[in-house]
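Contents: one structure, followed by commentary.
Values below: every heavy atom of this structure, side chains too, minus hydrogens, waters and symmetry copies. Both ligands and their constituent atoms are indexed starting at 1 by order of listing.
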Amino acid sequence: MENRSSFTGKLGFVLAAAGSAVGLGNIWRFPYLAAKYGGGIFLLVYLILAVTFGFSLMVAEIALGRKTGLSAIGAFNKLNKKFKFVGVIAAIIPIIIFPYYSVIGGWVTKYLAVFVSGGAKAAANDSYFTDFIAKPAEPLVWFAVFIGITAVVVMLGVEKGVEKVSKLMMPILVILTLFIAIYGLFIPGAMEGFLYYITPDFSHFSATTVLAAMGQLFYSMSLAMGIMITYGSYMKKDVNLESSVHQIEIFDTGIAFLAGMMIIPSVFAFSGGDEAALGKGPGLMFITLPKVFDSMPGGSIIGAAFFLLVLFAALTSAISLMETIVSIFEDKLNFGRKKTCLLVLAGTFILGIPSSLGFGVLGNISVLGLSILDMFDFVSNSVLMPIVAFLTCIFIGYVLKPQAIIDELEVSAPFKAKKLFTVIIKYVAPVFIVLILISSILDVLGIFKI
Ligand code: TRP
């Protein structure tokens with residue numbers, strides 16, 4: 001690893017980490033989960049978890065990477081051979097996520113094409129989205145287009161170019177999202193939805209709410225899967241790690257909040273306040289936003305611009321996911337980069353097929369009441385990630401000891417939140433994660449009875 005390249009400075013680091021973090025998780029996943037799990041109460045739980053768990057875990061992962069100069073598997077292995085398996089489980093998670101992430105990426109690509117080709121009116125139709133995903137071939141074609149683009153970028157190694165473009169597009173995305181969100185608030189009936197989104201209603205609170213919020217937090221911040229360890233390994237020693245983490249979190253959470261503000265009030269407006277419309281799940285963004293665009297003057301152009309920007313955010317995340325998977329296999333297989341890329345591409349396509357067909361041909365298959373795509377999402381975000389997070393806390397809290405992480409941070413600047421960090425990593429997070437995992441598994445089993 002003598003030639004490990006590093007980010008030029010703090011801004012470079014924060015932007016790169018934020019580029020990986022901000023993606024479909026913020027724009028597509030956060031709003032539908034918030035809608036489904038009680039609006040304000042989900043938002044509140046999410047925010048509390050972000051500043052406690054999210055903060056501590058991100059600090060821990062980045063510090064592990066910077067301390068060892070290695071990616072997940074190597075980092076755990078170097079510090080303690082017995083904990084290498086944590087790195088291995090972490091490395092499996094992107095392999096589960098990438099295929100279904102790209103299926104959704106394909107839907108975004110399709111919507112961009114629809115808006116560009118003047119189909120905005122049709123897309124605002126109630127059944128447009130469900131009809132589309134129920135088709136056998138078309139979603140697969142868009143899925144292939146999306147991973148194809150991702151693979152070309154990874155293979156040619158032109159990420160830097162894409163990153164430059166996305167640095168330009170990300171601010172435009174924020175402004176456009178803000179504009180759509182504010183516009184949406186003026187649609188009659190939307191205010192009620194906005195209140196639902198920001199007012200916590202404790203009667204909607206359950207263990208599943210917390211598990212969903214925790215899974216979303218890990219997912220959105222690209223935690224508990226080794227990615228941040230890798231990013232940390234590229235971070236220079238003189239960059240202030242603590243304040244970098246604050247900035248990444250504010251960026252990531254801010255965009256998620258805006259996306260929810262853009263989607264949830266509009267769902268209320270267009271469903272006439274019918275709460276059942278909130279449970280639409282993965283399709284929420286694709287069903288609601290076209291209606292908003294349809295009601296706007298110039299909506300088809302704004303819609304096209306919007307889906308283009310979302311596609312970019314999705315691509316930058318997908319590129320970083322694929323890059324991770326390729327580098328894992330590259331180390332293990334020694335096939336060379338091109339071959340490994342093609343192998344990962346083919347494998348991902350095959351793994352993604354069931355997720356894509358799960359809304360049509362394979363629609364009668366459900367696991368614990370979840371569609372195939374939701375099932376992969378559940379296994380990675382609500383089962384494996386909490387397990388990795390738990391093991392990471394145990395490792396740092398009791399094997400490596402928090403002081404090692406604190407020392408790593410204090411190479412650059414005093415660690416202001418070190419007490420909070422220590423208490424969370426040693427006591428709060430492990431106990432809490434176990435309780436939440438157990439109670440929500442019982443919940444799922446109880447509700448769906450297998
Ligand atoms: N955080 C990304 C998002 O919000 C999704 C994601 C999860 C991801 N794990 C990742 C992106 C790993 C890049 C690398 O969309």
Heavy-atom distances under 4.0 Å decide this one: backbone, side chain, both or neither, for M225 against ligand 1? side chain

Honestly, for S20 the part within reach of ligand 1 (heavy atoms, under 4.0 Å) is both

With respect to S320, determine whether any N or O atom, backbone or side chain, lies less than 3.5 Å from an N or O atom of ligand 1. no

[X] neighbourhood, listing ligand 1 atoms whose heavy-atom distance to it stays under 4.0 Å:
X: Y101; answer: 3 (C), 5 (C), 15 (O)
X: S220; answer: 1 (N), 4 (O)
X: N26; answer: 4 (O)
X: G25; answer: 3 (C), 4 (O), 15 (O)
X: L24; answer: 15 (O)

Would you call the rings of F286 and F307 parallel, tilted or perpendicular, where under 30° means parallel and over 60° means perpendicular? parallel

Going by the angle between their ring planes, with limits at 30° and 60°, are F42 and Y37 parallel, tilted or perpendicular? parallel

Indicate yes or no for a side-chain donor-acceptor contact from S317 to the backbone of A314 under 3.5 Å, with no hydrogens or angles considered. no

Donor-acceptor check, side chain of S380 to backbone of D377, threshold 3.5 angstrom: yes or no? yes

Among all protein heavy atoms in this structure, tell me which lies nearest to [atom], with the distance rounded to 0.1 Å.
atom: atom 1 (N) of ligand 1; result: Y219 O, 2.8 Å
atom: atom 8 (C) of ligand 1; result: S222 OG, 3.5 Å
atom: atom 4 (O) of ligand 1; result: A21 O, 2.7 Å

Do the charged groups of E138 and K110 touch, with an N to O distance under 4.0 Å? yes

Ligand 1 contacted by W28 (non-hydrogen, < 4.0 Å): no

Any luck finding a side-chain donor-acceptor pair between S243 and K10 under 3.5 Å? yes

If you apply the rule ring pair (Phe, Tyr, Trp, His ring centres under 6.0 Å), what do you find for F329 with F335, and how did you get there? CA-CA 8 Å; F329 284 113; F335 273 0; 9.5 Å; no

Under a 4.5 Å cut-off applied to non-hydrogen side-chain atoms, are N381 and I97 in contact? yes

